[in-house]
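Input: a single structure, listed below in structure tokens.
FYI, side chains are in, hydrogens and waters are out, and symmetry mates aren't considered; it's all heavy atoms of this structure.
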Amino acid sequence: MNAVFFDLFPLSVFQDKIILSQDEKNKLIDYIFKTEEDTKKIKKISKDDAWLGDSKGHEFLLKNSIMQKLEKLISTKIRLYAEMLDINTSKLEFFYQRSWATITRESERIKPHSHVQSNISFAYYLLKPENSGDLRFNSEPQNEIATGLFSGENVSLGLLKKVNIRNTPNADVNVKEDDIVIFPSKARHSTIPNQTKKPRISISGDITIMLKDSTGYEKIMPHYNSWQPLS
């Protein structure tokens, strides 16, 4: 048989390590748990929701002096991610739009969402016990020739023989402690529920890119120095 498939338009997800000493990590972990304690009066929408610092008034985490070394290491990885997409980073300015911590305890998760207000998003896994939940990307499958065909129930009913990369709406990225994952902010994503009694802590953030010089460019955001306020 000569028939072939061409798999087009991949979503490229960057994964690398950020190495801090255990003492440095412990200080960050203690700080984040203290932040959570300070916001305990703010109720969660759902009992299975993870604690999200950005919705609890702590959305600029990396501005804190205790995060200075981590911020520099993340910045290096963000630029490397862009370079690996063959983007000329010398023409761009990168800005942390916001940054926050998440704490996910037993049976908790982060529901599917995207960060459409920014360009690049990341998650760094400061504390990641085994089986505490991986990162999941969610998409409307390009190959779903009938709406709902690729749902889980059709696997159990035998309509789908098996789940593979061509017929699933989800793709999981196995993450371990010290990993950083970087991806386009518009990519819809979530987390798998924590199946342990140990908490998972990640530090996430959104990046906005701007042209240093927008002369001749139409699509990419011009630098804010050239913006004009309404009169």
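Residues I29 and I18 share a hydrophobic cluster, clusters being chains of Ile/Leu/Val/Met/Phe/Trp/Tyr side chains in contact below 4.5 Å. Hydrophobic clustering (side-chain heavy atoms under 4.5 Å, transitive across Ile, Leu, Val, Met, Phe, Trp, Tyr) keeps F9 apart from F14. Follow the hydrophobic side-chain contacts under 4.5 Å out from L52 and you never reach L126; the two are in separate clusters. Note on L70: it clusters hydrophobically with F94, by side-chain heavy-atom contacts below 4.5 Å among ILVMFWY residues. A single hydrophobic cluster is seen to contain both L20 and I201, as judged by linkage of ILVMFWY side chains at heavy-atom distances under 4.5 Å, directly or through other members.
Q117 has its side chain within reach of H115: a pair of non-hydrogen atoms, C-beta onward, lies under 4.5 Å apart. Two residues are said to be in side-chain contact when any heavy atoms from C-beta on lie closer than 4.5 Å; L11 and K186 fail this criterion. With contacts defined as side-chain heavy-atom distances shorter than 4.5 Å, the pair I32/I203 qualifies. Put simply, the side chain of K176 reaches to within 4.5 Å of the side chain of E130, judged on heavy atoms.
For the salt bridge (Lys or Arg N to Asp or Glu O under 4.0 Å) with D178, the qualifying choice from K128, K25, K77 is K25, the only one to do so. The residue from K34, K41, K40 that alone fulfils the salt bridge (Lys or Arg N to Asp or Glu O under 4.0 Å) condition with E37 is K40.
In plain terms, the two heavy atoms of G148 and N154 that are nearest each other are O-ND2, 3.0 Å. Counting all heavy atoms, side chain and backbone alike, S190 lies closest to L135 at O-CD1, 3.4 Å. Of all heavy-atom pairs between K17 and E177, the closest is NZ-O, 3.4 Å. When all heavy atoms of Y96 and I74 are compared, the closest pair comes out as OH-CG2, 3.4 Å. The minimum heavy-atom distance linking H189 with S114 is given by the pair CE1-CA, 4.2 Å. When all heavy atoms of W51 and K56 are compared, the closest pair comes out as NE1-CG, 3.6 Å.
Looking at T191, its side chain does come within 3.5 Å of a backbone N or O of I110 through a donor-acceptor pair. In terms of modelled atom types and a separation under 3.5 Å, the side chain of S214 and the main chain of L211 share no donor-acceptor contact. Using a distance-only test at 3.5 Å, with no hydrogens or angles considered, no donor-acceptor pair links the side chain of D172 to the main chain of R136. The main-chain N or O of L61 is never found under 3.5 Å from a side-chain atom of D54 such that the two would form a donor-acceptor pair. For the pair D30 (side chain) and K27 (backbone), a donor-acceptor distance under 3.5 Å is absent. Looking at S46, its side chain never comes within 3.5 Å of a backbone N or O of D49 through a donor-acceptor pair.
The 12-atom threshold is not exceeded at CD of E140, counting heavy atoms of other residues, nucleotides or ligands nearer than 6.0 Å. The neighbour count for I165 CD1, taken as heavy atoms of other residues, nucleotides or ligands under 6.0 Å away, does not exceed 12. The neighbour count for K212 NZ, taken as heavy atoms of other residues, nucleotides or ligands under 6.0 Å away, is above 12. Residue-environment remark: NZ (K111) exceeds the threshold of 12 foreign heavy atoms within 6.0 Å. Crowding of L230 atom CG: a count of heavy atoms from other residues, nucleotides or ligands under 6.0 Å not exceeding 12.
With side-chain heavy atoms closer than 4.5 Å counting as contact, directly or through intermediates, the hydrophobic cluster containing M210 also holds F95, M221, Y224, W227. Taking a 4.5 Å side-chain heavy-atom cut-off between Ile, Leu, Val, Met, Phe, Trp and Tyr, the cluster of F150 extends to I145, L149, V155, L159, L160, V163.
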Q: Decide side chain to side chain donor-acceptor pair (under 3.5 Å) for N170 and T168; before the verdict, give the C-alpha distance in whole Å, the side-chain angles of both, and the deciding distance to 0.1 Å.
A: CA-CA 5 Å; N170 302 314; T168 178; 4.9 Å; no
Between T215 and D213, is the side chain to side chain donor-acceptor pair (under 3.5 Å) condition met? List the steps. CA-CA 6 Å; T215 303; D213 180 0; 2.7 Å; yes
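Distance check: I120 CD1 to L85 CG gives 8.0 Å after rounding to the nearest 0.5 Å. In this structure, OH on Y81 lies 14.0 Å from CG on D16, to the nearest 0.5 angstrom. Here T39 contributes atom OG1 and K43 contributes atom NZ; the two are 14.0 Å apart, rounded to the nearest 0.5 Å. Taken from CD1 in I209 to NE2 in H223, the straight-line distance is 12.0 Å, to the nearest 0.5 Å. Atoms CD and OG1, from E71 and T76 in turn, are 9.0 Å apart once rounded to the nearest 0.5 Å. Separating the CZ atom in R79 from the CD1 atom in I182 is a distance of 11.5 Å, to the nearest 0.5 Å.
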Side chains of residues 101-109: which donor-acceptor partners sit under 3.5 Å, not counting sequence neighbours?
from: T102; atom 1: OG1; to: S202; atom 2: OG; distance (Å): 2.5
from: T104; atom 1: OG1; to: R200; atom 2: NH2; distance (Å): 3.1
from: R105; atom 1: NH1; to: E36; atom 2: OE1; distance (Å): 3.3
from: R105; atom 1: NH1; to: E36; atom 2: OE2; distance (Å): 2.5
from: R105; atom 1: NH2; to: E36; atom 2: OE1; distance (Å): 3.2
from: E106; atom 1: OE1; to: K197; atom 2: NZ; distance (Å): 3.4
from: E108; atom 1: OE1; to: R105; atom 2: N; distance (Å): 2.7
from: E108; atom 1: OE2; to: K44; atom 2: NZ; distance (Å): 2.6

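Between the side chains of N119 and S185, no donor N or O sits under 3.5 Å from an acceptor N or O.
The aromatic rings of F137 and F183 stand perpendicular to each other, their planes meeting at an angle above 60°, with 30° marking the opposite boundary.
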